Amino acid sequence: MLDINLIRIQPDIVRQALLNRNEDTHNLDAILQLDVQRREALKQSEQLRALRNTVSKEIGKMKDATQREAKIAEMRRVGDQITVLDAELRKVETQLDALTATLPNIPDPRIPVGPSEESNVILRTVGEPRQFGFQPKPHWELGTALGLLDFERGVKLSGTRFYVLNGLGARLQRALIAWMLDLHTFQGYREEYLPFMVKQQILFASGQLPKFKDNLYHDAEEDFWMVPTAEVPLTNLHGGEILKVDDLPLHYCAYTPCFRREKMKAGSDVRGIKRGHQFDKVEMYKFCTPETSNEEHEKMLADAEAVLKGLGLVYRVKLLCTGDIGFSARITYDLEAWAPGCGEWLEVSSVSNCGDFQARRANIRYRPEAGAKPEYVHTLNGSGLALPRTMIAVMENYQRADGSIEIPEVLRQFIGTDVIVGKDELRRQ
RNA sequence: GGAAAGGUGGCCGAGUGGUUUAAGGCGACGGUCUUGAAAACCGUUGUGGGUCUUGUGCUCACCGUGAGUUCGAAUCUCACCCUUUCCGCCA
């Protein structure tokens, strides 16, 4: 949520931000007008309330019955006026809030301006793609041959784009989760186990609602919404709180499944486990002061990169442009891992600084010093990492000519083997 | 799911329609005293909005949430949420 004072005083900044994001600006003019109406109605209503408050107190002390009745009648009329004004005020406020809630965050001036992903900038590529002495296979071939992946049974259970991980396939994912959480804990993030279903308000605060309702799953009868990312419950962990400045920055990490209703383009990403309605992710999250958020953002990027480095994967770092960053973000780095089998750079992480945008929606503040007014914290989130795509990168990069898959060093103690050779070995496990 | 009791400031806790402008206490902060500290004493104390004469300013709202009754609601009515205890069910 943007500060209404900012919108009022510097509407041009907001207008330019919308244009840079390739979004239209007509809501902005409506907001400015509603804001004027709101303050006018509020002023009138409050003046009448002030009058009623003082007169009502006098009524309580009045002895003269006639005089008393006259004042009561007068205040009854004032009350009626207040009722009318308040109804008007509520209407205006509802409209104003609805429109303000649709305004995205203002992009950081450091990011490239551009209407679409074409304008994203690749900052660096880390590592050299491995040279294979054979044609590397895509993970769906490797996985099914080794008995790690079962697409048919996934479809049987839940339909297209669902899959089952078998045996060491499931175990590889669990090993990745356990190792990543341990790594992040070592990096200073506290591990949290969170609800996977949350209330509607929680999704509003992190910025998914109202705009992206179509991408969410929810219970038809109860106010339960399936989380699309751990960022949602993590943002709201401290919702409505005034944090102690000495406790900042707060670092959290969490493993959750993620549920996303996505309109999948027919024919794209159909094969394999790259994109589905359900996937697992380990997430990092920070609450910090405005002064440190840029620095914390860079550190979080390094923490996400450490996961890729630990796994020995080749990746590149992308700085997203104004047209491609998320609704709540001011600046976002994407990390893309190289997958030689399917020949793609796979987005495995997105590391964003949301500034005070989510903190306003979730009302998360801190007191800079004793006695000072509370101010909004900054919030940051980053994947560390998304599991299916990390699985793809590991499987495809560590495959050998005979179709077996070597296990990255760091995962061996979690999975209990150095190599996945095939179904026969699976049975012996 | 059933029954009962509850929900008031950072915390405890009083408050059943009008000196409540939410008592009192604890804590915290500031001051006096002290070589220093403690104690004692004095003072201060939440959040958000509006407004201008930017002030120790004025004003509105906030006692779980939302409606309602009333000239006036923490207080009365209704609905809902949450907590605690007991019963039932359950991995």
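Remember, predicted model here, so these are calculated numbers, not experimental data. Residue numbering restarts at 1 for every chain, and letters A, B, ... go by the order of the sequence lines.
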Across all strands, who's sitting opposite [N] as a Watson-Crick or G-U wobble pair, both distances under 3.5 Å?
N     : result
B:A73 : none
B:C82 : B:G6
B:G88 : none
B:C33 : none
B:G27 : B:U45
B:A14 : none

Inset, instruction - Check each of A:Asp182, A:Ile407, A:Leu176 against A:Phe414 using the side chain to side chain contact (heavy atoms under 4.5 Å, CB included) test, and report the only one that passes. - result: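 The single option meeting the side chain to side chain contact (heavy atoms under 4.5 Å, CB included) with A:Phe414 is A:Asp182.
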Please report, rounded to the nearest Å, how far the [atom2] atom of [N] is from the [atom1] atom of [X].
X       : N     : atom1 : atom2 : value
A:Asp86 : B:G49 : CG    : P     : 18 Å
A:Gln44 : B:A61 : CD    : P     : 16 Å
A:Gln67 : B:C71 : CD    : P     : 18 Å
A:Asn53 : B:C58 : CG    : P     : 15 Å

Inset, instruction - Give one of base, sugar-phosphate or nothing for A:Arg77, where a contact means two heavy atoms less than 4.0 Å apart. - result: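 Contact class for A:Arg77: none.
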Inset, instruction - May I ask you to say what A:Arg360 touches in the nucleic acid, namely base, sugar-phosphate or nothing, with a heavy-atom cut-off under 4.0 Å? - result: nothing
Inset, instruction - List in chain and number order the residues that pass ring-ring contact (aromatic ring centres under 6.0 Å, His included) with A:Tyr193, two or more places apart in sequence or in another chain; answer none if no residue qualifies. - result: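 Here the qualifying residues are A:Phe196.
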Legend entry - Nearest listed nucleotide, side chain of A:Ala50, among B:G49, B:C60, B:U47: B:C60
Inset, instruction - Give the nucleotide from the list B:C60, B:C71, B:G48 with an atom nearest to the side chain of A:Arg76. - result: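 Taking heavy atoms from C-beta onward, the closest nucleotide is B:C71.
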Inset, instruction - Return no unless some side-chain N or O of A:Arg367 is found under 4.0 Å from OP1 or OP2 of B:A28. - result: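 Answer no for this pair, as no side-chain N or O of A:Arg367 is under 4.0 Å from OP1 or OP2.
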Inset, instruction - Verify the contact: side-chain N or O of A:Arg39 to OP1 or OP2 of B:G49, cut-off strictly under 4.0 Å; return yes or no. - result: no
Legend entry - Heavy-atom check, side chain of A:Leu203 versus side chain of A:Leu216, under 4.5 Å: yes
May I have the list of side-chain donor-acceptor pairs in residues 103-114 of chain A shorter than 3.5 Å, sequence neighbours left out?
| from | atom 1 | to | atom 2 | distance (Å) |
| --- | --- | --- | --- | --- |
| A:Asn105 | ND2 | A:Ser328 | O | 3.0 |
| A:Asn105 | ND2 | A:Cys354 | O | 3.0 |
| A:Asp108 | OD1 | A:Arg110 | N | 2.8 |
| A:Asp108 | OD1 | A:Arg110 | NE | 3.0 |
| A:Asp108 | OD2 | A:Arg110 | NE | 3.3 |
| A:Asp108 | OD2 | A:Arg110 | NH2 | 2.9 |
| A:Arg110 | NH2 | A:Asn294 | OD1 | 2.9 |

Short N/O separations, protein against nucleotides 15-19 of chain B, under 3.5 angstrom:
| from | atom 1 | to | atom 2 | distance (Å) |
| --- | --- | --- | --- | --- |
| B:G18 | O6 | A:Arg68 | NH2 | 3.3 |
| B:G18 | N2 | A:Ser56 | O | 2.5 |

Please write out each protein N/O paired with an N/O of nucleotides 80-84 of chain B under 3.5 Å, distance rounded to 0.1 Å.
none

Legend entry - Positive for side-chain hydrogen bond (donor to acceptor under 3.5 Å, both in side chains) with A:Tyr333, one of A:Glu305, A:His297, A:Lys318, A:Glu298: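 The residue from A:Glu305, A:His297, A:Lys318, A:Glu298 that satisfies side-chain hydrogen bond (donor to acceptor under 3.5 Å, both in side chains) with A:Tyr333 turns out to be A:Glu298.
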Inset, instruction - Check A:Lys286, A:Arg330, A:His378 against A:Ser293 for a side-chain hydrogen bond (donor to acceptor under 3.5 Å, both in side chains) and give me the one that passes. - result: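 Of all the options given, the one that passes is A:His378.
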Inset, instruction - For A:Arg49 and for A:Ile72, find the nucleotide of RNA chain B with the closest heavy atom, then tell me which residue's nucleotide is more 5'. - result: A:Arg49
Inset, instruction - Scan side-chain atoms only and decide if A:Tyr189 and A:Asp303 contain a donor-acceptor pair under the 3.5 Å cut-off. - result: yes
Can you give each donor-acceptor pair under 3.5 Å made by side-chain atoms of residues 39-46 of chain A, sequence neighbours left out, with the distance rounded to 0.1 Å?
| from | atom 1 | to | atom 2 | distance (Å) |
| --- | --- | --- | --- | --- |
| A:Glu40 | OE2 | A:Gln44 | NE2 | 3.1 |
| A:Ser45 | OG | A:Asp86 | OD1 | 2.8 |

Legend entry - Any residue meeting side-chain hydrogen bond (donor to acceptor under 3.5 Å, both in side chains) with A:Arg174, in chain and number order, not counting sequence neighbours: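 Once residues adjacent in sequence are excluded, A:Arg174 has no partner under the side-chain hydrogen bond (donor to acceptor under 3.5 Å, both in side chains) criterion.
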Legend entry - Ring centres under 6.0 angstrom apart (A:Phe357, A:Phe327): yes
